[in-house]
Amino acid sequence: MSKQKIKAIHGTRDILPDEAQSWQKVIATVSRVAVSHNYGLILNPIFEATELFARGIGETNDVVTKEMYTFTDQGGRFLTLRPEGTASVVRAYLEHSLGADSGVVKVWYAGPMFRQERPQAGRYRQFYQIGVEAIGSLDPALDAEVIGLNHRILDELEIRDLSLEINTIGMPADRQAHRESFVKFVRPILGNFCPDCKRRFGINPLRMFDCKEASCRENLAGAPVVYDFLSRENLGHFEEVLGYLKLAGVPYQVNKKLVRGLDYYTRTAWEFKSACLGSQDSISGGGRYDLLSEQLGGPLTPGIGFASGMERILMAMPDRGRTKRTDHFGFFVAVRDPGFKSEAVKLLYSLRKRGIAADTDYLGRSLKAQMKQANKSGYRYAVILAEDEMARGRVAVRNMIDSSQFELNLSDIYNIGNEQELGELIEKRPE
Ligand code: HAM
């Protein structure tokens, strides 16, 4: 049998405890802000019928043609690890008739997504998204609510160098009008574009605006934009959204060349960027998808939402999302004389039973090493079981913050109800 170490798959990563603390903070913040805006949690399956994404994201979209993890199960069904969350939410909305009695349905979610992209800093093959969807209204004030919610979350997480770019990509009729003029502009200079842009020109020319190549961007400097081909209604919608954003105090920049990478988008589209992220600077992306419900076999139902990449959020948080534990808590039960092992375990169980955080040594280490471990793990106190004190029914307690040491009756420690009472017992101890 091979003894070679097995590593995580290229493009996937482990979130280790220091980083996981920030990860939990992100989830807690999203949950709190989402709930305060009346968004309920939804949990969708991680794999779905391949057709859901083909129809939802678009048959010719890069994510669908090149990046999906698709497989057949034992029944020969085509299944795909979800590359994003919106299609699943809308499927669930239709499958469970969620809009039937509640008007606008507002949900949030968090979970892993899968795309077979070329891994690099901030771009993974399994990544974690937090997202929000609001389905059932075309009100521009709802656009501003969702964008405001997106802003609020990133702001509360103190994302560095944050900016919001917003645009409208209209409806298919607006885009059809734009397409003719855009194609006319690009055709004579098509030879100057990268292979990806040339391919997009034949499929969905608008996506050429998404190219990161500097020369392609220069070539498109004077290209016509959808904005200039909008119907009065769609332009009006966008102007109202901007008005509400001003009202909400959300700073933005209109970028008329902003397009999104999934085909279901209509009207409002936006991205939050963080300048500290390098080339993968999009921390959040969202927009309206007013035709998606219909594409998935449901009635015409407008929707809007966004998703943020957890890995990018962590990278753009203070200290790059690595939090050292600073809040000291609980008790480390140490033994100086190994004969007190069972007493230590008994005390450990008793503390934990009362909801008091506690741990002990499982490696038979010296008292010095046990104190080191207690310190490293952030314990506030160490209770030391040693022969001299135990003979008097007492234990030594060391304050791990200032290294002061005092004695308490072991029976008193057993009698207190919770961590707060234990704190009071320590504070009121006779000197
Ligand atoms: P998206 O722009 O494809 O939109 O992804 C949203 C966010 O997920 C990105 O801004 C980025 O932070 C993160 N992300 C995407 N791909 C990767 C990757 N390979 N590695 C790391 N992070 C990544 C959507 O997924 C839409 N479902 C958002 C949405 C919800 N639109 C409406 N509702």
Side-chain angles (χ1 to χ4, degrees), residues 10-13 15 26 30 34 39 42 44 48 52-53 56-58 61-64 66-69 81-93 105-135 142-143 145-147 149-150 153-154 157 159 162-166 169 207 210 258-274 276-293 302-317 321:
H10 190 43
T12 71
R13 62 196 282 275
I15 299 178
V26 175
V30 176
Y39 289 68
I42 188 165
N44 299 116
E48 297 264 10
L52 173 68
F53 303 113
I57 297 172
N61 186 280
D62 280 358
V63 171
V64 172
K66 296 200 278 192
E67 296 171 6
M68 295 208 304
Y69 284 95
L81 294 182
R82 63 182 182 190
E84 59 102 48
T86 312
S88 297
V89 170
V90 175
R91 178 202 46 71
Y93 170 89
V105 170
K106 300 189 197 180
V107 293
W108 74 277
Y109 52 89
M113 308 291 161
F114 307 84
R115 294 183 195 173
Q116 203 160 337
E117 293 189 82
R118 199 163 40 80
Q120 62 180 83
R123 191 160 72 190
Y124 300 94
R125 291 183 166 173
Q126 174 176 332
F127 55 100
Y128 205 92
Q129 276 187 348
I130 52 108
V132 152
E133 313 292 348
I135 305 173
L142 183 62
D143 300 39
E145 170 174 301
V146 176
I147 299 167
L149 176 52
N150 195 169
I153 289 167
L154 299 176
L157 292 169
I159 296 301
L162 189 66
S163 62
L164 164 62
E165 292 183 11
I166 185 166
I169 52 169
R207 295 269 305 120
D210 217 12
L258 177 87
V259 292
R260 299 275 299 126
L262 308 166
D263 291 359
Y264 50 59
Y265 287 109
T266 52
R267 297 189 176 97
T268 317
W270 71 92
E271 274 182 21
F272 278 92
K273 297 189 172 179
S274 170
C276 70
L277 286 179
S279 66
Q280 301 303 309
D281 61 353
S282 164
I283 201 155
S284 257
R288 280 206 159 270
Y289 43 86
D290 298 328
L291 302 173
L292 180 56
S293 164
I304 181 164
F306 71 84
S308 288
M310 176 67 94
E311 291 76 7
R312 295 184 195 178
I313 289 180
L314 292 175
M315 284 167 77
M317 272 170 74

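Both ligands and their constituent atoms are indexed starting at 1 by order of listing.
I57 CD1 to Y289 OH: the interatomic distance, rounded to the nearest 0.5 Å, is 13.0 Å. Taken to the nearest 0.5 Å, the OG1 atom of T268 stands 9.0 Å off from the CD1 atom of I169. Separation of atoms OG (S284) and CD1 (I153) is listed at 8.0 Å; rounding is to 0.5 Å. Note that the CD atom of E311 and the CD1 atom of I15 stand 5.5 Å from one another [nearest 0.5 Å].
In terms of N/O distances under 3.5 Å, ligand 1 is not approached by R123. Taking only nitrogen or oxygen atoms, main chain and side chain alike, T86 reaches within less than 3.5 Å of ligand 1. In terms of N/O distances under 3.5 Å, ligand 1 is approached by G309. Of the polar atoms of Y289, none of the N or O atoms is found under 3.5 Å from an N or O of ligand 1, judged by distance alone.
The nearest heavy-atom contact from the protein to atom 7 (C) of ligand 1 is A307 O, 3.5 Å. Scanning all protein heavy atoms for the shortest distance to atom 32 (C) of ligand 1 gives G305 O, 3.2 Å. Of the protein's heavy atoms, Y265 OH, 2.6 Å lies nearest to atom 31 (N) of ligand 1. In terms of protein heavy-atom proximity, atom 20 (N) of ligand 1 is nearest to Y124 N, 3.0 Å. For atom 21 (C) of ligand 1, the nearest protein heavy atom (residue, atom name, distance) is G122 O, 3.3 Å. For atom 19 (N) of ligand 1, the closest heavy atom belonging to the protein is E117 OE2, 2.7 Å. Here the protein heavy atom with the shortest distance to atom 10 (O) of ligand 1 is S282 OG, 2.9 Å.
Looking at heavy atoms from C-beta onward, N150 lies in side-chain contact with F306 at the 4.5 angstrom threshold. By the 4.5 Å heavy-atom criterion applied to side chains, V89 and I135 are counted as neighbours. With contacts defined as side-chain heavy-atom distances shorter than 4.5 Å, the pair L52/S88 qualifies. The shortest side-chain heavy-atom distance between P112 and Q129 does not fall under the 4.5 Å cut-off.
Ligand-side atoms of ligand 1 in range of I283: 10 (O), 12 (O), range being under 4.0 angstrom from any heavy atom. Listed by atom number, the atoms of ligand 1 under 4.0 Å from G285 heavy atoms are 10 (O), 28 (C), 29 (C). For ligand 1, the atoms sitting less than 4.0 Å from at least one non-hydrogen atom of E133 are 30 (C), 32 (C), 33 (N), numbered in the order shown with element in parentheses.
Cation-pi contact between R13 and Y124: present, with separation from the ring centre below 6.0 Å and deviation from the ring axis of at most 45°.
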| Where do R260 and E271 land on the salt bridge (charged side-chain N to carboxylate O under 4.0 Å, His left out) test, with the steps shown first? | CA-CA 9 Å; R260 299 275 299 126; E271 274 182 21; 3.0 Å; yes
| request: Dump the intermediate steps for side-chain hydrogen bond (donor to acceptor under 3.5 Å, both in side chains) on Y69 and Q126, then the final yes or no. | output: CA-CA 10 Å; Y69 284 95; Q126 174 176 332; over 6 Å; no
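A donor-acceptor pair is defined here as one N or O able to donate and one able to accept, closer than 3.5 Å; such a pair exists between the side chain of R312 and the backbone of G122.
Under 4.0 Å from ligand 1, the heavy atoms of F306 that appear belong solely to its backbone. With a 4.0 Å cut-off on non-hydrogen atoms, R260 touches ligand 1 through its side chain and not its backbone. Under 4.0 angstrom from ligand 1, the non-hydrogen atoms of L262 all belong to its side chain. Looking at S284 against ligand 1, only its backbone comes within 4.0 Å, counting heavy atoms.
Residue F127 holds the heavy atom nearest to atom 16 (N) of ligand 1 of all those in Y128, F127, W270. The option from Q129, E84, E311 that lies nearest to atom 5 (O) of ligand 1, judged by heavy atoms, is Q129. With R115, Q126, R312, R82 as candidates, the residue nearest to atom 3 (O) of ligand 1 on a non-hydrogen basis is R115.
Between the side chains of Y39 and E133, not a single donor N or O lies within less than 3.5 Å of an accepting N or O.
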